[in-house]
Amino acid sequence: MSESKHATMDMYEEKAMMLVEQLIEKELVEMPSNEPVLVHVPTGTQFSSVQNLAYYHLGWKAGTTE
């Protein structure tokens, strides 16, 4: 199989923050005010790390668009 069009190996902290901020704007990620977590709205999965959420979202997106 050729290289994936969904690159995830270069997800550093700043890039992950930018992606998560964009997802918050698109209402695909929520930050409950009473908990220190990020919630991936389409799946309800919770994360305490922006990098883990960014990797997860890219994988989820790849799995739902192919």
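Only a predicted model underlies this, so the values are computations on that prediction, with no experimental measurement involved. Keep in mind that the numbers below use all heavy atoms, side chains included, and drop hydrogens, waters and symmetry copies.
Each of Phe47 and Val39 belongs to its own hydrophobic cluster when Ile, Leu, Val, Met, Phe, Trp and Tyr are linked at side-chain heavy-atom distances under 4.5 angstrom. Cluster membership for Leu23 and Met17, using ILVMFWY side-chain heavy atoms within less than 4.5 angstrom, is shared.
The stretch residues 22-39 participates, sequence neighbours left out, in no side chain to side chain donor-acceptor pair (under 3.5 Å) pair at all.
Val50 approaches Val20 most closely through the heavy-atom pair O-CG2, 3.8 Å.
Judged as a side chain to side chain contact (heavy atoms under 4.5 Å, CB included), and not counting sequence neighbours, the contacts of Met31 are Ile24, Leu38. Legend: residues meeting side chain to side chain donor-acceptor pair (under 3.5 Å) with Thr43, ordered by chain and number and at least two apart, are His40, Thr45, Tyr56.
Glu13 CD to Met18 CE: the interatomic distance, rounded to the nearest 0.5 Å, is 12.0 Å.
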